[in-house]
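The next block holds one structure in the form of structure tokens; read it before the comments.
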Amino acid sequence: MAFEAFPPLIAAQLHYLLNHSPDSIKIENVRSGNRFNPRILDRFTLVIPYCLDTIKWDVIYNSEYPAAPPDFIFGPDDEDFMPCSSSTVDSLLDKALSEWNNQDSTLLLVLIQGLRDQYVAYQRKRVGQVDDDRVKFEISTVITRKGIEMQMTSGADKPEEVKFAVPLVMDMSINKLLVGCPWKNEQKIYLQVVYPILRKYESAPSSPRLKLVSSSDLKALFSVEDVKLPPWMDGMCLAEYLPHLEETLERQILEAVSAIALRRSFVEALTLFLGRPLEADPTFCRKASFLAASGPFPFVVHFFFPTQFPKQQPALMLQSCQHLNQLSEPVKLNLLTDYPWSPRWEVGRMAERLCDFLTDEAVNFKKYCNEALLQH
């Protein structure tokens, strides 16, 4: 994001916040409140991750009085959130506000972190006041879990619900399992648990809605969307459910790591037929590209490996080295997945059968490219 239209001191604070916050904070709705020069920006909306969703806070500086700290406007559902009136104001937050120094680029981050910590406590208090015995019991069983977040949600067109974001604890670091791990932050998986609030006259509670959520980076190794959640039994509580889920996830993550070695051995088997790859993904082995030829016709074969390999076969894309389309781009085929494959074959046989298929498919691809050239 470009900061040129902000006054330099505000720009420095915003730049520091976006680059050093432990949360993936985003900025939107950038605007000006300057009466004399509306091209000078001094207010914006922060989109802050919270409880596996986001909250939006407006941050309002006054570019005409740059030494003053910013004001904040919280979301319409959080009218009761008044952190600065609390008797337990965080000391760092209190200090940042009372001793505001607009030349200290770190202070906006200190403010946002302090306010977010208080928001966690505010939502926990709101949830604790809910008149629902099941929710109160669930809070008592998981409250000691580090990093848990909860939120009351309601609206004119939807019932009241309590949402929990529970960080799952595993006896291993996902990052440390990977050789040459590219991730800066430790990868985490959360369980989102949503309880509808029951009224006293309503029937027995139904199972909560459950959903696994992870950072998008983790999808290169392991997709939580492919995980079949253990069933929620009648009368079960979160404290009983979580250990079994964590054990299931640990096992599947270890399988996903071992699948990298399988993909790598398959790529190595392909080199016996196609030579060294032009490029290959060294960490996750999710992609590899080889130069191939059918007589005098050269083409590139791109392999895309699913995390479920070898249960699911790789998708192939053929790309001509000689033919261009109307946009002056290399002619390509759509992804191919319909070819002989069995996950029970040895990797050498997988590679051999696939290359036999490519020998035949290359003839069709050359014909397709020539027809595309005539149309062009």
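The first residue in the sequence is number 1, and the count goes up from there.
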Point to revise | Electrostatic pair Glu246-Arg145, nearest N-O below 4.0 angstrom | key: yes
Exercise for review: Can you spot which of Phe81, Tyr122, Phe74, Tyr119 makes a ring-ring contact (aromatic ring centres under 6.0 Å, His included) with Tyr50?
Suggested key: Tyr119
Check your understanding: Does the pair Asp53 and Thr153 meet the rule for a side chain to side chain contact (heavy atoms under 4.5 Å, CB included), with working shown?
Key -> CA-CA 11 Å; Asp53 204 340; Thr153 61; over 6 Å; no
Practice item. Assess the side chains of Gln187 and Ser215: does a donor N or O sit below 3.5 Å from an acceptor N or O? Key: yes
Check your understanding: Got a sec: does the CG of Asn334 have more than 12 other heavy atoms crowding it under 6.0 Å?
Key -> no
Check your understanding: If you take all heavy atoms of Gly75 and Trp57, which pair is closest and at what distance?
Key -> N-CD1, 4.2 Å
Review point. Do Pro70 and Trp100 have side chains that get closer than 4.5 Å, going by heavy atoms?
Key: yes
**Study point:** Tyr241/Val193 under side chain to side chain contact (heavy atoms under 4.5 Å, CB included): CA gap, chis, key distance, verdict
**Key:** CA-CA 11 Å; Tyr241 186 80; Val193 188; over 6 Å; no
Check your understanding: So, does Asp23 use its side chain to make a donor-acceptor pair with the main chain of Pro49 at under 3.5 Å?
Key -> no
Check your understanding: Under 6.0 Å from the CD atom of Glu28, do we count more than 12 heavy atoms belonging to anything else shown?
Key -> yes
Practice item. Mind listing the closest non-hydrogen atom pair of Gln308 and Asp226 along with its distance? Key: NE2-OD2, 3.5 Å
Exercise for review: State, with a plain yes or no, whether a side-chain heavy atom of Thr359 is found less than 4.5 Å away from one of Ser294.
Suggested key: no
Exercise for review: Give a yes or no on whether the backbone of Pro310 and the side-chain of Trp341 come within a donor-acceptor separation of less than 3.5 Å.
Suggested key: yes
Review point. So do Ile260 and Val179 actually touch side chain to side chain, heavy atoms under 4.5 Å?
Key: no
Review point. Can you find a heavy atom in the side chain of Lys188 that is under 4.5 Å from one in the side chain of Pro167?
Key: no
Point to revise | Nearest atoms (heavy-atom pairs only) where Ser63 meets Asn34 | key: OG-ND2, 2.8 Å
Exercise for review: Answer yes or no: is there a donor N or O on one side and an acceptor on the other, between the side chain of Glu149 and the main chain of Cys51, under 3.5 Å?
Suggested key: yes
Review point. Side chains of Tyr339 and Glu361: donor-acceptor distance under 3.5 Å anywhere?
Key: no
**Study point:** Gap separating the CE atom of Met152 from the CD atom of Glu161, nearest 0.5 angstrom
**Key:** 9.5 Å
Review point. Hey, are the side chains of Ile139 and Phe164 touching, using non-hydrogen atoms and a 4.5 Å cut-off?
Key: yes
Review point. Checking side chain to side chain contact (heavy atoms under 4.5 Å, CB included) for the pair Leu358/Leu318: CA distance, chi angles, key distance, verdict?
Key: CA-CA 9 Å; Leu358 278 173; Leu318 306 188; 3.7 Å; yes
**Study point:** Side-chain touch Val162/Asp132, heavy atoms, less than 4.5 angstrom
**Key:** no
Check your understanding: Quick check: does any side chain N or O of Ser32 sit under 3.5 Å from a backbone N or O of Ile40, one acting as donor and the other as acceptor?
Key -> yes
Review point. Under 3.5 Å, is there a donor-acceptor pair between the side chain of Arg43 and the main chain of Val59?
Key: no
Review point. Cluster question for you: counting only ILVMFWY and a side-chain heavy-atom cut-off of under 4.5 Å, with indirect links fine, are Ile60 and Phe44 together?
Key: no
**Study point:** Donor-acceptor contact present, side-chain Ser223 to main-chain Lys219, <3.5 Å
**Key:** no
Check your understanding: Is the centre of the Phe266 ring less than 6.0 Å from the centre of the Phe309 ring?
Key -> yes
Check your understanding: What distance separates Ile25 CD1 from Leu17 CG, expressed to the nearest 0.5 Å?
Key -> 4.5 Å
Review point. Does Leu354 belong to the same Ile/Leu/Val/Met/Phe/Trp/Tyr cluster as Trp345, with side-chain heavy atoms less than 4.5 Å apart forming each link?
Key: yes
Review point. Charged N to carboxylate O under 4.0 angstrom, Arg126 versus Asp80?
Key: no
Check your understanding: Does atom CD of Glu79 have more than 12 heavy-atom neighbours, drawn from other residues, nucleotides or ligands, at distances under 6.0 Å?
Key -> no
Practice item. Could you walk me through whether His323 and Asn370 pass side chain to side chain contact (heavy atoms under 4.5 Å, CB included), step by step? Key: CA-CA 8 Å; His323 304 80; Asn370 287 332; 3.1 Å; yes
Review point. Is the number of heavy atoms from other residues, nucleotides or ligands within 6.0 Å of NZ (Lys26) greater than 12?
Key: no
Practice item. Mind telling me whether Phe297 and Phe365 have parallel, tilted or perpendicular rings, with 30° and 60° as the class edges? Key: tilted
Point to revise | Pairwise distance SG(Cys321) to CG(Leu291) - rounded to 0.5 angstrom | key: 5.5 Å
Check your understanding: Taking only residues two or more places apart in sequence or in another chain, which ones pass ring-ring contact (aromatic ring centres under 6.0 Å, His included) with Phe290?
Key -> Phe303
Check your understanding: Got a donor-acceptor contact below 3.5 angstrom from the Arg353 side chain to the Pro340 backbone?
Key -> no
Practice item. Kindly work out whether a path of hydrophobic side-chain contacts (I/L/V/M/F/W/Y, heavy atoms less than 4.5 Å apart) joins Leu52 to Leu46. Key: no
Check your understanding: Do Leu335 and Phe299 sit in the same hydrophobic cluster, where Ile, Leu, Val, Met, Phe, Trp and Tyr count as joined when their side-chain heavy atoms come under 4.5 Å apart?
Key -> no
Practice item. Report yes or no: does Thr141 contribute a side-chain atom to a donor-acceptor pair with the main-chain N or O of Glu138 at less than 3.5 Å? Key: yes
**Study point:** Pairwise distance CG(Leu168) to OH(Tyr190) - rounded to 0.5 angstrom
**Key:** 9.5 Å
Study note, to complete from the structure: The side-chain contact (heavy atoms from CB on, under 4.5 Å) partner of Ile148 among Leu238, Val120, Val166 is Val166
Review point. Between the main-chain N or O of Leu107 and the side-chain N or O of Gln13, is there a donor-acceptor pair closer than 3.5 Å?
Key: no
Point to revise | Distance, nearest 0.5 Å, that separates CG of Asp104 from CG of Leu9 | key: 11.0 Å
Point to revise | Min side-chain heavy-atom separation Ile189-Val213 under 4.5 Å | key: no
Exercise for review: Give, for atom CG of Asn102 and atom CG of Leu108, the distance between the pair rounded to the nearest 0.5 Å.
Suggested key: 12.0 Å
Study note, to complete from the structure: When every non-hydrogen atom of Gln319 is compared with those of His302, the smallest separation belongs to OE1-NE2, 2.9 Å
Practice item. Measure from the side-chain N and O atoms of Asp42 to the backbone N and O of Gly33, and report whether any donor-acceptor pair falls under 3.5 Å. Key: yes
Revision key, fill the gap. What one should report as the nearest heavy-atom pair of Ala292 and Leu274 is CB-CD2, 4.2 Å
**Study point:** Lys/Arg N to Asp/Glu carboxylate O, Arg31 vs Asp58, below 4.0 Å
**Key:** yes
Point to revise | Min side-chain heavy-atom separation Lys367-Asn364 under 4.5 Å | key: no
Point to revise | Phe137 reachable from Met150 in the ILVMFWY side-chain graph, under 4.5 Å edges | key: no
Point to revise | Least distance between heavy atoms, Tyr16 atom then Ser105 atom | key: CB-O, 3.4 Å
Practice item. Inspect the surroundings of CD in Gln312 and state if more than 12 heavy atoms from other residues, nucleotides or ligands are less than 6.0 Å away. Key: yes
